[in-house]
Amino acid sequence: RWGELAGSYWSDLDLERRVMHIQRSLIKGKGGYTIDTPKTRGSRRSVTPTKRTVAALQRHREHQQAEGFQTEGYTLIFRNTAASPVNHSHLMRRHFKPALERAGLQPTTWHVATRHTRTCILLLERVNPKSVAMQMGWSAVSFMLDTYARFLPGWGDDGVMEGLLG
């Protein structure tokens with residue numbers, strides 16, 4: 001979720017152990033941004049970033065340090081040059097959508113491009129559905145399967161019942 005990523009502090013991240021603790025979320029309201037707990041109890045979790053993500057976060061940390069920004073403790077990982085939270089609309093318009101276009105991909109939302117794609121890839125790779133649901137912050141595997149199983153090829157019985165009862 002965008003808010004969980006945007007509301008993460010450097011203290012939530014252990015790059016050596018490859019673990020990120022999702023404990024809060026950035027919420028935009030009429031008066032600006034606030035940081036609050038995630039949507040549900042299941043949303044508070046630990047995730048394992050890929051090695052490529054860890055390398056990118058290390059480069060991001062080094063870049064921020066070179067620019068004179070603090071990169072320890074309760075400091076946002078992702079912030080603008082004024083050390084304020086990143087504006088979601090600006091990021092989408094200035095970076096995300098142009099990146100999709102450069103890659104030759106159809107325009108889509110952040111949510112579809114990240115959460116839906118990740119979920120489908122993990123399920124297609126036959127990662128345990130309970131593990132996928134926990135990584136994504138869903139408290140019930142049934143929600144995930146109700147939502148995603150219909151998009152995945154071969155998730156029917158593949159003729160097993162016909163073969164057994166033939």
Side-chain angles (χ1 to χ4, degrees), residues 1-28 33-105 108-139 141 143-144 147-148 151-152:
R1 295 182 184 107
W2 164 257
E4 294 170 352
L5 188 62
S8 293
Y9 294 140
W10 284 110
S11 60
D12 299 326
L13 184 61
D14 185 337
L15 293 173
E16 288 181 23
R17 292 189 179 132
R18 285 183 50 211
V19 65
M20 184 171 196
H21 304 286
I22 308 298
Q23 302 178 75
R24 60 192 60 78
S25 186
L26 181 71
I27 300 166
K28 184 178 180 188
Y33 292 102
T34 58
I35 299 211
D36 203 349
T37 56
K39 285 174 42 172
T40 66
R41 191 175 66 224
S43 295
R44 289 184 291 277
R45 63 201 182 280
S46 295
V47 296
T48 304
T50 64
K51 290 177 185 176
R52 190 175 186 174
T53 300
V54 168
L57 286 166
Q58 287 170 329
R59 287 190 308 275
H60 177 63
R61 176 179 265 169
E62 290 165 6
H63 177 75
Q64 286 197 347
Q65 288 170 337
E67 295 289 320
F69 289 104
Q70 182 179 347
T71 59
E72 301 294 331
Y74 293 99
T75 304
L76 290 171
I77 295 172
F78 303 103
R79 57 186 178 246
N80 63 23
T81 55
S84 297
V86 172
N87 182 303
H88 180 268
S89 297
H90 292 173
L91 180 72
M92 295 300 106
R93 188 176 62 252
R94 296 176 185 168
H95 302 285
F96 180 71
K97 290 184 180 189
L100 290 174
E101 191 174 311
R102 284 191 306 274
L105 299 172
T108 188
T109 65
W110 172 268
H111 189 79
V112 169
T114 57
R115 289 180 64 78
H116 292 313
T117 301
R118 179 177 172 86
T119 300
C120 288
I121 288 170
L122 291 172
L123 291 172
L124 282 167
E125 291 296 320
R126 304 215 183 277
V127 173
N128 182 307
K130 178 65 177 172
S131 175
V132 175
M134 288 171 57
Q135 288 179 43
M136 301 309 288
W138 293 311
S139 58
V141 176
F143 166 79
M144 181 192 62
T147 305
Y148 292 97
F151 295 110
L152 304 174

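Residue numbers run from 1 in the order of the sequence given. Being a predicted model, the structure only gives us computed values, none of them experimental.
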Working note: Leu5 + Thr114, criterion side-chain contact (heavy atoms from CB on, under 4.5 Å); need CA distance, chi angles, decisive distance, verdict.
CA-CA 12 Å; Leu5 188 62; Thr114 57; over 6 Å; no
Would you give the length of the straight line joining atom [atom1] of [X] to atom [atom2] of [Y], rounded to the nearest 0.5 angstrom?
X      : Y      : atom1 : atom2 : answer
Leu100 : His95  : CG    : NE2   : 13.0 Å
Arg17  : Thr48  : CZ    : OG1   : 12.5 Å
Leu15  : Leu57  : CG    : CG    : 6.0 Å
His88  : Leu91  : NE2   : CG    : 7.0 Å
Arg18  : Glu16  : CZ    : CD    : 13.0 Å
Arg115 : Thr147 : CZ    : OG1   : 10.5 Å

For Thr37, is there any backbone N or O sitting under 3.5 Å from a side-chain donor or acceptor partner on Arg44?
no
Minimum heavy-atom distance between [X] and [Y], given as atom pair plus value:
X     : Y     : result
Leu26 : Ala6  : CD2-CB, 3.6 Å
Arg45 : Glu4  : NH2-OE1, 2.9 Å
Thr71 : Arg61 : O-NH2, 3.2 Å
His21 : Ser46 : ND1-OG, 2.7 Å
Ser25 : Pro38 : CB-CA, 4.2 Å
Met20 : Ser8  : CE-OG, 3.2 Å

Atom CE of Met92: over 12 foreign heavy atoms under 6.0 Å:
yes
Heavy-atom count around Glu101 CD within 6.0 Å, excluding the residue itself: above 12?
no
Side-chain touch Thr119/Trp138, heavy atoms, less than 4.5 angstrom
yes
Test item: Phe143 and Met136 side chains (from C-beta on) under 4.5 Å apart, heavy atoms
no
Taking the six-membered ring for Trp, are Phe96 and Trp2 ring centroids under 6.0 Å apart?
no
What about Tyr148 and His116, are their ring centers closer than 6.0 Å?
yes
Set of residues satisfying ring pair (Phe, Tyr, Trp, His ring centres under 6.0 Å) with respect to Phe78, sequence neighbours excluded
His60
In chain order, what residues pass the ring pair (Phe, Tyr, Trp, His ring centres under 6.0 Å) check against Tyr33, with sequence neighbours excluded?
none
Does the side-chain contact (heavy atoms from CB on, under 4.5 Å) test come out yes or no for Thr81 and Glu67, once each step is laid out?
CA-CA 9 Å; Thr81 55; Glu67 295 289 320; over 6 Å; no
Stepwise, does the side-chain contact (heavy atoms from CB on, under 4.5 Å) test hold for Asn87 with Asn80?
CA-CA 8 Å; Asn87 182 303; Asn80 63 23; over 6 Å; no
Of Arg79, Gln70, Arg59, which is the lone residue that meets side chain to side chain donor-acceptor pair (under 3.5 Å) with Gln64?
Arg79
Test side-chain contact (heavy atoms from CB on, under 4.5 Å) on Tyr9 and Gln23 and set out the steps.
CA-CA 9 Å; Tyr9 294 140; Gln23 302 178 75; over 6 Å; no
Taking side chain to side chain donor-acceptor pair (under 3.5 Å) as the test, write out the residues that go with Gln135, two or more places apart.
Arg118, Ser131
